[in-house]
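Here the structure is laid out as structure tokens; the discussion comes afterwards.
Residues: numbered from 1 along the sequence shown.
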Amino acid sequence: MLARVRLAGPGVGDNGIPVSPPWISTTDRWRRSPEEESVELAPESDAVSAASAVRASIGFDQLRRVGDALYWLESRPSSGSGPTLVRWSADDGAADVTPSRFDVSSSVHAYGGGTYAPSSDEVWCAGANGLYRVAEGNVSLMAEDSSSFGDLTIGNGELLAVRETDDGDALVAVPLVGAPVMRVLAETSGFFGAPRPGPGMLAWLRWSERDMPWDSSELWVAPYGADGLLGDPVKLAGGPTESVVEPRWGPDAALYFASDRSGWWNLYRWDGESVEPVAPVAAECAAEPWELGYVSYDFLADGRIVMVVQEGPRHRLAVVDRAGAVVPVKLPYTSIKPYLAVGGASVALVGSSPEVAPQVALVHLGDEPRVEVLARAEHPGLDGLAVSTPVELRILVEGSREVVALVYPPTGAAPDWCAPVIVRAHPGPTASSLVRLDWQAQFFTSRGFAVVDVDYTGSTGYGRVFRQALYGRWGIDDVVDCRAAAEFLLTEGRAVPEAVFIRGASAGGYTALHAVAQDGPFIAATAVSAIVDPERWAETVPRFQRAHATQLRGGAGRVRAEDIRRPVLMIHGTADDVATADDVRELADELQNRGAPHELMLLDGVGHYVATSAHAARALEAELAHYRSAMAEMASG
């Protein structure tokens, strides 16, 4: 039996902030002699079950604070229902606000966000048929509308929101008392975001249908008085080469926002006359805006600013003092979601680490910050289980660029481990591989596999230039980066030859399919919710993402059945409206006609997010069986 030991995780700096271990630049640390045998797969009795992994994959999102109460959305894959709104207070603890039959969700801009807004005695929510109000456990439809709503914000006695239709976006307002008559404040054929009321003003974001908000977006303000009408708008920031995100009015009546004009999303301040930087750092101080309603920074009662800073695959919390100095906060988390909620001298957040799955925590700031955990994903069945923690690598690719990879050894492996390897392409391309506990990855590491997450070209966390570097080269550079990670592990004697796999979801599924459409180290691929044909995808993808599809295409092109050289498992939801199932059905038919080894697993009623669906455990078991079958086939010759 394999020894149950914890592998060395990230180091800790003098200020208590977890830091990356030294980048491995030589091969001595991982060198194995040819005579050494690979590790055996862990006994099934010691492994994390698929059901346990899924049950522990609870998601916490959209954290909000009103007075002494905190709210968040909780996604529970094992329940089979949509997100549930939860309220926490020190007196009452945590309790569900919405009934199980009601989903607080929206398809605004395809990925949703900002789907609820709480006030002192009620919560406004976006739902299937419009805008709802939840009060004293009762859910009432207040504004019936088949459009999609998001970025809900309460201010000055009304609810502000973004409304999306097939023709474009509108900024709308609904009074909180009296007849809930919806007013349209502004309209565009493109996109709006972040309607934020300030002192006699309204700020918002806008970008065109030809752009993605992380490439080009604009910040606008206009007078907004008691008559409920917008005055003449003025553009403050943004343009073709600048992304502006997350505007917020500060307690000093100034407007703050994040801009990547320096090459990094950094914080800026507009005082009514000019714009000035607040805290320049060579790191990302905002998240890539796939969803509406992100809050990557907030204001403490004493005038300081607390913010999330991303450097590569790691996040840290920092406080910006009045002089603009960025002071790290000592915390046990290496990944923090862009949902901060400040109250007085404390900040609530959703954080995780290599040994802790995402949890809701209240951080009491001070000379020695104190962390109070309010909700966690793990359940008692996982108590005491050893987990695999990552080693960070910086790999030189084609002599021209460096790519970061997180390598999770088999759970309990010896220091000189060698194992079957699963390389994972994240669902980006603008996403990133973060240092956090993923129980679905532990499902595989507890069975003797190593899991490798690759921050391939195009990932966020490395600045604007790297984020845009995959445009026109999709299916090429991302595949090269994933292959380079696998070949590095083979060279170092860490990967078992002829037992190296690749898997990816969404855009990462496209990467995985192209990786086995050419010679290379991968003996099989798993593609979940995969994009197959960029040209067709550009025509069928939701309105929000069409510009992204247009910018990415021109690289490797369509995945062609005649090019695929290794067995593939395709897992797809029949209700996926981001990457429709039609393309994978067609690819499976073509593979069938060629007699090529493949399997198509269609999940009835499941959307784009298989890992958080009620069928997630089935998908994990099918993926494991796929790898074992491929290894058995290679062993039999």
Side-chain angles (χ1 to χ4, degrees), residues 10-13 15 17-21 23 60-61 63 113 212-215 243-246 248 256-268 277-291 293-298 305-320 326-340 347 349-354 356 358 361 363 390 392-394 402-406 426-438 453-470:
V12 177
N15 58 11
I17 301 298
V19 296
S20 304
W23 298 118
F60 304 108
D61 293 288
L63 190 61
M212 299 307 295
W214 51 78
D215 291 326
S243 168
V244 181
V245 297
E246 298 191 37
R248 295 176 66 81
Y256 291 75
F257 59 92
S259 164
D260 69 354
R261 61 180 62 180
S262 70
W264 302 91
W265 275 311
N266 277 192
L267 199 58
Y268 292 81
V278 174
V281 292
E284 306 287 20
C285 301
E288 68 279 14
W290 278 101
E291 298 179 15
Y294 285 163
V295 182
S296 298
Y297 65 96
D298 206 348
I305 301 170
V306 60
M307 67 180 183
V308 180
V309 180
Q310 181 181 2
E311 296 170 298
R314 293 177 176 272
H315 291 122
R316 57 187 172 93
L317 193 70
V319 171
V320 182
V326 180
V327 182
V329 178
K330 182 180 179 180
L331 287 181
Y333 303 119
T334 52
S335 175
I336 303 173
K337 286 191 173 183
Y339 301 114
L340 300 183
V347 55
L349 52 79
V350 179
S352 54
S353 75
V356 175
V363 179
E392 297 180 32
L393 302 180
R394 187 180 295 271
E402 288 182 321
V403 172
V404 170
L406 302 176
H426 63 64
T430 60
S432 57
S433 300
L434 299 174
V435 181
R436 61 188 178 192
L437 180 56
D438 176 350
D453 289 337
V454 182
D455 263 355
Y456 55 84
T457 301
S459 300
T460 293
Y462 307 90
R464 179 182 176 94
V465 172
F466 192 85
R467 192 171 68 240
Q468 294 184 328
L470 198 61

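Counting heavy atoms from C-beta on, the side chains of Val347 and Val329 never come closer than 4.5 Å. A 4.5 Å side-chain heavy-atom check between Met307 and Val326 finds at least one atom pair inside the cut-off. Side-chain contact between Tyr268 and Val244: absent, with no pair of heavy atoms (C-beta onward) separated by less than 4.5 Å. A 4.5 Å side-chain heavy-atom check between Asp61 and Val350 finds every atom pair outside the cut-off.
Arg464 places a side-chain N or O within donor-acceptor distance of the main-chain N or O of Asp215, the cut-off being under 3.5 Å. Using modelled atom types, one side-chain atom of Asp260 and one backbone atom of Ser243 make a donor-acceptor pair closer than 3.5 Å. Glu246 places a side-chain N or O within 3.5 Å of a backbone atom of Ser296 that can act as its donor or acceptor partner. Put simply, the side chain of Asp455 never gets that close to the backbone of Ser432: no donor and acceptor are under 3.5 Å apart. Tyr333 places no side-chain N or O within donor-acceptor distance of the main-chain N or O of Arg436, the cut-off being under 3.5 Å. Under the 3.5 Å distance criterion, the side-chain polar atoms of Tyr297 are matched with a main-chain donor or acceptor of Tyr256. Listed for the Gln310 side chain is a donor-acceptor partner under 3.5 Å among the backbone atoms of Gly312. Within the 3.5 Å criterion, the main-chain N or O of Glu288 finds no donor-acceptor partner in the side chain of Thr460.
Salt bridge Arg467/Glu284: present, at least one basic N to carboxylate O contact under 4.0 Å.
To the nearest 0.5 Å, the span separating CZ on Phe60 from OH on Tyr339 amounts to 13.5 Å. Taken from CG in Asp438 to CG in Leu406, the straight-line distance is 11.5 Å, to the nearest 0.5 Å. Atom CD1 of Ile305 and atom CG of Leu267 lie 5.0 Å apart (nearest 0.5 Å).
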